[in-house]
Q: 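Below: one structure in structure tokens.
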Amino acid sequence: MDLIDLQKEKNNIIKKHNELIVAKGALSGTAQKMLSMVISMLRTDDTEFQKYALQISSYKKEIGATNNEKEFYVNSALELMRNPFFIIEDGKRKFFNWCSTVQPDEMQGYIIFDIHNDLKPYLLELKENFTQYHLINILNLKGEYSPRLYEYLIKEWKQHKH
């Protein structure tokens, strides 16, 4: 199995279709940052999703977390499957989950993510109507809504700038 690891993939750019930026759904701040780290592992030339491995110790270090309970981070990862979000297309709601599978590997200290294939048009091969920013810009934000607000403000700023 080919894994993409945050430590090996130094892209650190989040790039999302604007429909994801305005999608309706709720994730905890911890799950949002975890998702952002996984999205930052996507490569600009990817046409298919891979399996993405996030090392818990790296994640904790990047966000300055002090909680040492692995189960806390596993539960945050499971939010990406449990908490659907929706996009409005043609006046109708379309529901998605971020991940199709989440696989904790407690022995190695990793969580392995499979991004749901239905999200390919919103995360891969984006040429227009997208927002991108550096991962570091949201990692130290403290509020639960801060990462989403940051994304929205960047989207709006870039649309009005052009």
Side-chain angles (χ1 to χ4, degrees), residues 1-23 25 27-65 73-74 76-81 83-87 89 94-105 107-141 146-159 161-162:
M1 161 177 56
D2 247 0
L3 288 176
I4 307 298
D5 186 313
L6 183 67
Q7 297 307 307
K8 295 174 188 163
E9 190 60 41
K10 296 293 185 190
N11 177 14
N12 295 327
I13 298 287
I14 308 297
K15 187 174 179 180
K16 293 180 180 178
H17 193 283
N18 287 339
E19 293 293 332
L20 289 182
I21 304 292
V22 298
L27 292 173
S28 68
T30 304
Q32 288 178 59
K33 291 175 185 177
M34 193 173 278
L35 174 63
S36 293
M37 287 182 137
V38 171
I39 290 173
S40 79
M41 289 184 245
L42 299 175
R43 297 176 183 147
T44 55
D45 60 343
D46 282 346
T47 57
E48 298 292 328
F49 291 124
Q50 309 298 314
K51 291 188 181 290
Y52 303 94
L54 183 61
Q55 190 172 34
I56 294 172
S57 61
S58 295
Y59 173 76
K60 287 172 41 180
K61 179 182 170 192
E62 292 290 333
I63 68 165
Y73 300 102
V74 170
S76 294
L78 290 175
E79 281 187 55
L80 303 177
M81 291 178 57
N83 294 8
F85 65 94
F86 69 90
I87 293 172
E89 284 185 0
K94 186 174 181 181
F95 287 86
F96 297 89
N97 282 321
W98 286 105
C99 293
S100 53
T101 61
V102 171
Q103 180 183 350
D105 183 342
M107 295 298 290
Q108 298 295 320
Y110 280 90
I111 302 174
I112 300 167
F113 297 86
D114 278 320
I115 299 174
H116 202 289
N117 272 332
D118 288 347
L119 296 175
K120 283 172 33 174
Y122 302 100
L123 293 170
L124 298 180
E125 301 183 286
L126 298 175
K127 303 288 186 234
E128 58 185 32
N129 200 19
F130 66 88
T131 298
Q132 73 177 29
Y133 57 90
H134 292 277
L135 175 64
I136 192 72
N137 293 345
I138 64 158
L139 291 182
N140 293 317
L141 297 176
S146 300
R148 296 269 330 254
L149 180 59
Y150 178 83
E151 286 181 342
Y152 182 78
L153 291 173
I154 292 295
K155 176 189 90 62
E156 289 296 312
W157 176 71
K158 287 185 178 185
Q159 283 180 337
K161 181 180 165 187
H162 293 84

Q: Taking the side chain as every heavy atom from C-beta outward, state whether Leu139 and Met37 have any atom pair closer than 4.5 Å.
A: yes

Q: Closest heavy-atom contact between Ala31 and Ser76?
A: CB-O, 3.5 Å

Q: Evaluate the ring planes of Phe95 and Phe86, with Trp represented by its six-membered ring, and classify them as parallel (under 30°), tilted (30 to 60°) or perpendicular (over 60°).
A: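 Rings of Phe95 and Phe86: tilted, 30 to 60°.
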
Q: Mark yes or no for whether Lys33, through its side chain, and Leu141, through its backbone, hold a donor-acceptor pair below 3.5 Å.
A: yes

Q: For the residue pair His17 and Asn129, establish whether any side-chain heavy-atom pair is separated by less than 4.5 Å.
A: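 Yes. Closest side-chain heavy atoms under 4.5 Å.
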
Q: Taking Glu79 for the side chain and Ser28 for the main chain, is one N or O donor matched with an acceptor at less than 3.5 Å?
A: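 Side chain of Glu79 to backbone of Ser28: a pair is present.
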
Q: Using only atom types and a distance under 3.5 Å, with no angle test, would you say the side chain of Tyr59 pairs donor to acceptor with the backbone of Thr30?
A: yes

Q: Among all residues two or more places apart in sequence or in another chain, which pass the side-chain contact (heavy atoms from CB on, under 4.5 Å) test with Leu78?
A: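 Residues passing side-chain contact (heavy atoms from CB on, under 4.5 Å) with Leu78: Val74, Asn75, Arg82, Val102.
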
Q: So how far is it from Tyr150 OH to Tyr133 OH, rounded to the nearest 0.5 Å?
A: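 Between Tyr150 OH and Tyr133 OH, I get 7.5 Å after rounding to 0.5 Å.
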
Q: Are the side chains of Leu20 and Leu123 in contact, using a 4.5 Å heavy-atom criterion?
A: yes

Q: Please tell me if the side chains of Val22 and Asn18 come closer than 4.5 Å, counting only heavy atoms from C-beta onward.
A: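 No, their side chains stay 4.5 Å or more apart.
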
Q: With heavy-atom distances below 4.5 Å as the criterion, would you say the side chains of Met34 and Phe113 are in contact?
A: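 Of all side-chain heavy-atom pairs linking Phe113 with Met34, at least one is under 4.5 Å.
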
Q: Any chance you could measure Thr44, atom OG1, to Asp46, atom CG, to the nearest 0.5 Å?
A: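 Going from OG1 on Thr44 over to CG on Asp46, the span is 8.0 Å.
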
Q: Minimum heavy-atom separation for Ile111 to Tyr73, with atom names?
A: CD1-O, 3.7 Å

Q: Atom CH2 in Trp98, atom CD in Gln32: separation rounded to 0.5 Å?
A: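 Interatomic distance, Trp98 CH2 to Gln32 CD, rounded to 0.5 Å: 9.5 Å.
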
Q: Crowded around Phe85 CZ? As in, over 12 foreign heavy atoms under 6.0 Å?
A: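 It does: Phe85 CZ has more than 12 such atoms within range.
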
Q: Measure the shortest side-chain to side-chain distance between Lys51 and Asp114 over non-hydrogen atoms and say whether it is less than 4.5 angstrom.
A: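 Yes; the side chains approach each other to less than 4.5 Å.
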
Q: Rounded to the nearest 0.5 Å, how far apart are CD1 of Ile56 and CD of Gln108?
A: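 Ile56 atom CD1 to Gln108 atom CD measures 11.5 Å (nearest 0.5 Å).
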
Q: Should Ile14 and Gln132 count as side-chain neighbours, where that means a heavy-atom distance under 4.5 Å?
A: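 Side chain of Ile14 against side chain of Gln132, heavy atoms only: no contact under 4.5 Å found.
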
Q: Which residue is it: Ile13, Leu124, Leu126? I am looking for the one with a side chain to side chain contact (heavy atoms under 4.5 Å, CB included) to Leu42.
A: Leu124

Q: To the nearest 0.5 Å, what is the distance between CG on Leu80 and OG1 on Thr101?
A: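 Nearest 0.5 Å value for the CG-OG1 distance: 11.0 Å.
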
Q: Test side-chain contact (heavy atoms from CB on, under 4.5 Å) on Leu54 and Met41 and set out the steps.
A: CA-CA 9 Å; Leu54 183 61; Met41 289 184 245; 4.2 Å; yes

Q: Just how far is it from atom CE of Met81 to atom OG of Ser100, taken to the nearest 0.5 Å?
A: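 Answer for the CE-OG pair, Met81 versus Ser100, is 7.0 Å.
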
Q: For the pair His134 (side chain) and Ile136 (backbone), establish whether a donor and an acceptor sit closer than 3.5 Å, ignoring hydrogens and angles.
A: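 No, the answer is negative, given that no donor and acceptor are paired below the 3.5 Å cut-off.
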
